[in-house]
Trainee: 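Take this structure, written in structure tokens, and hold onto it; I'll ask about it next.
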Amino acid sequence: MIRLRSVIDRLFPPPRRQLRWWSAWSLLVFLALYAGVVGWLLISRTIAFSAPWSFGWMVVALWAWWLWAAGWGGMRGVRSLLALWVRLSLIGLLAMVLAQPRAVRSSDTLSLVY
């Protein structure tokens with residue numbers, strides 16, 4: 001039987017470097033921009049999502065950020081930050097695709113189909 005604690009320790013390994021409060025800014029900025037883009041798409045009625053609960057997959061972004069902040073990303077400096085943003089963007093796009101986006105078009109004209 002696998003213990004829950006060992007699974008959590010494997011998913012969230014101990015940090016290799018000291019975590020600082022400012023290391024969370026990249027995650028917070030990304031999540032704010034992501035929420036702004038998705039909100040704007042919904043408010044402007046450009047796209048509607050058939051399965052909005054799929055945005056719950058954005059929790060995976062926290063895991064990707066933890067691995068980066070804890071020093072498990074494998075890179076240093078600007079390359080590390082760029083890799084984090086690429087990973088977060090891919091997670092966001094995957095969540096958006098899983099939410100089944102639908103193009104919304106409104107028109108005042110009446111169409112008759114036989």
Side-chain angles (χ1 to χ4, degrees):
M1 183 170 133
I2 298 176
R3 293 185 181 182
L4 180 63
R5 182 71 183 161
S6 67
V7 171
I8 290 174
D9 287 343
R10 288 182 189 207
L11 287 176
F12 295 95
R16 289 182 169 179
R17 62 181 180 213
Q18 184 179 10
L19 294 176
R20 306 209 191 293
W21 65 270
W22 52 266
S23 63
W25 75 268
S26 56
L27 177 68
L28 295 175
V29 168
F30 174 78
L31 290 177
L33 287 173
Y34 185 77
V37 167
V38 170
W40 178 77
L41 288 172
L42 289 172
I43 290 172
S44 67
R45 295 181 187 241
T46 305
I47 292 179
F49 295 101
S50 299
W53 54 86
S54 296
F55 285 110
W57 282 101
M58 287 303 292
V59 172
V60 176
L62 295 173
W63 178 70
W65 171 82
W66 170 257
L67 292 178
W68 172 80
W72 292 92
M75 294 183 238
R76 296 189 185 271
V78 176
R79 287 181 57 193
S80 173
L81 188 60
L82 182 63
L84 172 70
W85 276 76
V86 169
R87 291 172 184 147
L88 292 176
S89 299
L90 289 174
I91 291 168
L93 286 173
L94 178 66
M96 199 177 287
V97 167
L98 290 175
Q100 300 175 3
R102 306 280 187 235
V104 177
R105 295 183 185 180
S106 59
S107 177
D108 291 339
T109 60
L110 178 65
S111 297
L112 186 59
V113 178
Y114 290 98

Trainee: Does the side chain of Tyr34 reach to within under 4.5 Å of the side chain of Leu88, using non-hydrogen atoms?
Mentor: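 No - every pair of side-chain heavy atoms lies 4.5 Å or more apart.
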Trainee: Answer whether the closest heavy-atom distance between the side chains of Leu42 and Ile47 falls below 4.5 Å.
Mentor: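 A side-chain contact under 4.5 Å is absent here.
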Trainee: May I ask whether Trp63 and Leu94 are part of the same hydrophobic cluster, defined by side-chain heavy atoms of I, L, V, M, F, W, Y residues being less than 4.5 angstrom apart, directly or through others?
Mentor: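 Looking at the clustering, Leu94 is in the same group as Trp63.
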Trainee: Any side-chain heavy atom of Phe30 within less than 4.5 Å of one from Leu33?
Mentor: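 No, every pair of side-chain atoms sits at 4.5 Å or beyond.
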Trainee: Taking all non-hydrogen atoms of both residues, which atom of Trp53 and which atom of Ser50 are closest, and how far apart?
Mentor: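 In this case the closest contact between Trp53 and Ser50 is CH2-O, 3.8 Å.
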Trainee: Drop me the distance from Leu84's CG to Ser26's OG, to the nearest 0.5 angstrom.
Mentor: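 One gets 5.0 Å once the value is rounded to the nearest 0.5 Å.
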Trainee: Do Met58 and Leu31 have side chains that approach each other closer than 4.5 Å (heavy atoms only, starting at C-beta)?
Mentor: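 Touching, per the 4.5 Å side-chain cut-off.
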Trainee: Between Trp40 and Leu93, is there shared hydrophobic-cluster membership here, with clusters defined by ILVMFWY side-chain heavy atoms closer than 4.5 Å?
Mentor: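 No; Leu93 is not reachable from Trp40 via cluster members.
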Trainee: Can Trp68 and Ser80 be counted as having a side-chain donor-acceptor contact under 3.5 angstrom?
Mentor: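 There is such a pair (donor and acceptor under 3.5 Å, judged by atom type) between the side chains of Trp68 and Ser80.
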Trainee: Could you tell me the separation between the CZ atom of Arg102 and the OG1 atom of Thr46, rounded to the nearest 0.5 Å?
Mentor: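 Going from the CZ atom of Arg102 to the OG1 atom of Thr46 covers 16.0 Å.
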Trainee: Please name the residue in the list Leu27, Val29, Leu28 that meets the side chain to side chain contact (heavy atoms under 4.5 Å, CB included) test with Trp25.
Mentor: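 Of all the options given, the one that passes is Val29.
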Trainee: Please round to the nearest 0.5 Å and tell me the distance separating atom CG of Leu98 and atom CH2 of Trp57.
Mentor: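 That separation rounds to 7.5 Å.
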Trainee: When rounded to the nearest 0.5 angstrom, what distance separates CZ in Phe55 from CE in Met96?
Mentor: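 Nearest 0.5 Å value for the CZ-CE distance: 5.5 Å.
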